[in-house]
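Everything below concerns the one structure shown next.
Computation of the quantities below employed the complete heavy-atom set of this structure, encompassing side-chain atoms and omitting hydrogens, waters and symmetry-equivalent molecules. The first residue in the sequence is number 1, and the count goes up from there.
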Amino acid sequence: MPKRATRTRSKASKKKRLPKRSPQIRSKASKKSLPRSGRRPGLEYHIERDPKTDKEFIRVPFRGTPLLYNPFYNKGSTFDLEERLNLGLQGLLPPTVSTPDVQEKRAYENYRSHKTPLDRYVYLMALHERDQVLFYRLLVHNLEEMMPIVYTPTVGLACQRYSRIFRRPYGLYITPKDMGRMERVLSHAPFDNVDVIVVTDNERILGLGDLGVGGMGIPIGKLALYTAAAGIHPTRCLPIDLDVGTNNEELLEDPLYLGVRRRRLRGEDYYHFVGEFVKAVRKVFPKTILQWEDFKKEIAFNLLETYRDKILSFNDDIQGTGGVVLGGVLAAMKLKGESLKKQRFFLSGAGASAAGISRMLTLAMRREGLSEREAHRRIFLADSHGLLVKERAHIEHYKKAFAHSAAFLAKEGVTDPEHTQLAEAVRALRPTVLIGLSGTQGIFTREVVEAVASSCEHPLVMPLSNPTSKAECTPEEIYAWAKGRAVVATGSPFPPVVYEGKTYPVSQGNNVFVFPGVGLGVIAAEARKIPDELFVAAGYALAGTVSKERFALNCIYPDVSEIRGVSRTVALAVAKEAVRLRVAPKRGSDELAARLDDAIWYPHFTEYRYEPE
């Protein structure tokens, strides 16, 4: 089991293996354990087992009203009579003791009583801020229904409305005024043992752009999925918002806006600010995973390349998207009975996600026998200026590897790469896989889909832009225009499609199939770095989880209801690959699997015992 998630056991119970539960709570810390930065003694979530009764219990550091107002410890009406007596809760709760199932049913009825997605989001976040075990029980048991609420597409609207629906702060907010004292700010995190930080600077929230401090909804939502999908305990997850200002004039003029009222920090000052933040994270949380989320594409690549070898970090928009799309492509190859290295890929959109996908596809094709040059010649990218061509006056550094020469494109049938229409380019380049990352609704017209359908018997079409309003086309349009021959996956949730009397669920290539498992695998393996190869391993593992029943429905991703099993499979593959690459201590498969299982938490209510600080 990972050292960061150790449990205390009595001598009498040492031989008994605890069931899969949470990491520790420890409410006292020796002054000697304080780092030089002056970090205050914090809490560590901790489960113990009573040697006399063999029952699990948690020591809580406070009682009475403070206990009810702490979302990590509050159990609401499930506190039993003995706990109410011992924890000073007499008279503070209604007299009936509810079972966890009854309490969950009550919460679900409340959830369903709200009619709009945004109202349901507000309710779930209020529950998250009040009772985290109940929140995660509800989310895990209804993930397929609630994931579009706690994450895309509803979270986009919640981020836009953040300053108006704000109820209670969660996570940490760091601004340029905190320069010189970031370690102190990080020390204000509610728990000491943090395994995962998701951080954003709010500039590229989904496909919605600069949302200022409202972008905090993204780290909170991502970390909720880390817990729901992979079982990483919520006390070990920390959302952080780097509020460096906003260039969104509407926000700056809004009297209710909660963020820093200034134009965005830019240039050297910005990178100095982020550099100090990373340095503080390394000092205060030296073993945590730092996930970069929704940064502007040029900045995203700069931060990833600058810090990937200095701190345990990755970018979900780049690497996570690459891994989940690779998984879908590999599953489609199984469905069609074809080889990856014989495919041709056309990506409409050449931003961070496109570059990440192209990198993962290249690594996978090299794994299957192609050279890097051969792999690159099967990948074509187009942005708002046309096809990516080396002769272009300016090409961002992260795109250069996937730009083709004008002479090569001319041989492929494209003589004017920067002025060729999308349908014409698709017809000339004959891709078998069409991926949409443009953020432009309707860009995959009937002509475009018919063009890709003419390239092969069963094209793979993936309109991945989100939220739903940004999708390049709808699954229903793809089925109709490709005459039912296409394999389809989207980035946002869509209703099933009925085509020629048969109903087809729509596969969603959601990053939740990859990033929670990657995080869990890195934690279990105690990896020191997160190279791209870990996401390739995740992609292959993900493809292996798609069942024959899902293939029969033309689906290339598992059902969301299977996410916990998928995350464990992905995590084990990632942990093994980390060991193989020698970026983690050498361990066998059985030991890695045991460490994974020890780190996975299921939301359940445990007996409490009071231990004052």
Side-chain angles (χ1 to χ4, degrees), residues 143-144 147 151 222 225-226 228-232 291 314-336 338-340 343 345 353 356-365 367-368 433 435 460 462 464 487-493 505-522 524-525 530-551 553-578 580 589 592-593 596 600:
L143 190 58
E144 191 167 8
M147 193 166 72
Y151 205 63
K222 285 278 186 177
L225 296 179
Y226 265 106
I232 297 174
Q291 177 176 319
F314 72 93
N315 186 298
D316 187 48
D317 302 305
I318 299 170
Q319 295 155 291
T321 302
V324 80
V325 172
L326 173 61
V329 170
L330 291 169
M333 297 305 102
K334 291 185 176 184
L335 174 61
K336 300 195 299 178
E338 296 177 6
S339 168
L340 175 68
Q343 305 305 305
F345 302 88
S353 296
I357 292 167
S358 299
R359 288 181 180 186
M360 300 306 164
L361 290 172
T362 298
L363 286 171
M365 285 190 278
R367 179 170 170 170
E368 299 202 359
V433 180
I435 301 174
L460 172 58
M462 306 177 78
L464 297 179
V487 179
V488 182
T490 61
S492 289
V506 178
S507 287
Q508 185 187 354
N510 195 310
N511 286 21
V512 74
F513 287 124
V514 164
F515 71 82
V518 170
L520 180 61
V522 167
I530 307 179
D532 287 348
E533 286 82 358
L534 298 192
F535 290 90
V536 174
Y540 276 92
L542 173 59
T545 66
V546 184
S547 65
K548 292 180 181 179
E549 291 75 16
R550 294 288 288 172
F551 281 146
L553 295 170
N554 209 34
C555 293
I556 56 173
Y557 288 104
D559 191 272
V560 171
S561 63
E562 306 170 62
I563 189 64
R564 282 225 155 189
V566 171
S567 293
R568 187 189 181 282
T569 298
V570 168
L572 184 57
V574 166
K576 288 180 179 179
E577 183 70 356
R580 188 188 72 81
S589 296
L592 289 172
L596 281 174
I600 295 172

Next on the checklist: Are the side chains of Glu562 and Thr545 in contact, using a 4.5 Å heavy-atom criterion?
Outcome noted: no
Checklist entry - Tell me, do Leu143 and Arg564 make a side-chain contact under 4.5 Å, heavy atoms counted? => result no
Item to check | Point-to-point distance, once rounded to the nearest 0.5 Å, from OG of Ser353 to CG of Asn315 | outcome: 8.5 Å
Checklist outcome for this item: When rounded to the nearest 0.5 Å, the distance separating CE of Met333 from CG of Leu460 is 6.0 Å
Checklist entry - Does the ring of Phe535 carry Arg359 above it, NZ/CZ under 6.0 angstrom from centre and within 45° of its axis? => result no
Checklist outcome for this item: Closest heavy-atom pair, Ala578 versus Leu534, reported as atoms and distance to 0.1 Å, is N-CD2, 3.6 Å
Checklist entry - Side chains of Val329 and Phe345: does their closest heavy-atom pair fall under 4.5 Å? => result yes
Checklist entry - Does Pro558 reach the side chain of Leu542, with side-chain heavy atoms less than 4.5 Å apart? => result yes
Item to check | Side chain proximity check, Lys336 to Gln343, heavy atoms < 4.5 angstrom | outcome: yes
Item to check | Heavy-atom pair of closest approach, residues Ala489 and Leu464 | outcome: O-CD2, 4.2 Å
Checklist entry - Can you tell me how far OG1 of Thr362 sits from CD1 of Ile357, rounded to the nearest 0.5 angstrom? => result 11.5 Å
Checklist entry - Does a side-chain heavy-atom distance below 4.5 Å link Met360 with Val325? => result no
Item to check | Interatomic distance, Leu553 atom CG to Ser507 atom OG [nearest 0.5 angstrom] | outcome: 9.0 Å
Checklist entry - So, the side chain of Glu338 versus the backbone of Lys334: is there a donor-acceptor pair under 3.5 Å, distance only? => result no
Next on the checklist: Would you say that Phe314 contacts Asp532 through its side chain, given a criterion of any heavy-atom pair below 4.5 Å between the two side chains?
Outcome noted: no
Item to check | Nearest-0.5 Å distance, CG of residue Asp316 to CD of residue Gln291 | outcome: 4.5 Å
Checklist entry - Can you name the nearest heavy-atom pair linking Ala331 to Ala543, along with the distance? => result N-CB, 3.7 Å
Item to check | Polar contact flag, side-chain donor to acceptor under 3.5 angstrom, Asn511-Thr321 | outcome: yes
Checklist entry - Which heavy atom of Ser567 sits nearest a heavy atom of Pro516, and at what distance? => result OG-CB, 4.3 Å
Next on the checklist: Classify the ring geometry of Tyr226 against Phe515: parallel below 30°, tilted from 30° to 60°, perpendicular beyond 60°.
Outcome noted: perpendicular
Checklist outcome for this item: Applying salt bridge (charged side-chain N to carboxylate O under 4.0 Å, His left out) to Lys576 and not counting sequence neighbours gives none
Checklist entry - Is there a donor-acceptor pair under 3.5 Å between the side chain of Gln508 and the backbone N or O of Gly491? => result yes
Checklist outcome for this item: Shortest non-hydrogen pair, Arg568 vs Leu596, comes out as O-CD1, 4.1 Å
Item to check | Check against side-chain contact (heavy atoms from CB on, under 4.5 Å), Leu361 and Val433 | outcome: CA-CA 12 Å; Leu361 290 172; Val433 180; over 6 Å; no
Item to check | Non-hydrogen atoms of Ala364 and Leu326 that approach each other most closely | outcome: CB-CD1, 3.6 Å
Next on the checklist: Under the criterion side-chain contact (heavy atoms from CB on, under 4.5 Å), I'd like the reasoning laid out for Val324 against Tyr557: C-alpha separation, chi angles, the key distance, then a yes or no.
Outcome noted: CA-CA 9 Å; Val324 80; Tyr557 288 104; 3.9 Å; yes
Checklist entry - Is a side-chain donor or acceptor of Glu577 paired with a backbone partner of Ala573 at a separation under 3.5 angstrom? => result no
Next on the checklist: side-chain contact (heavy atoms from CB on, under 4.5 Å) for Leu225 and Tyr151? Distances and angles first, verdict last.
Outcome noted: CA-CA 8 Å; Leu225 296 179; Tyr151 205 63; 4.0 Å; yes
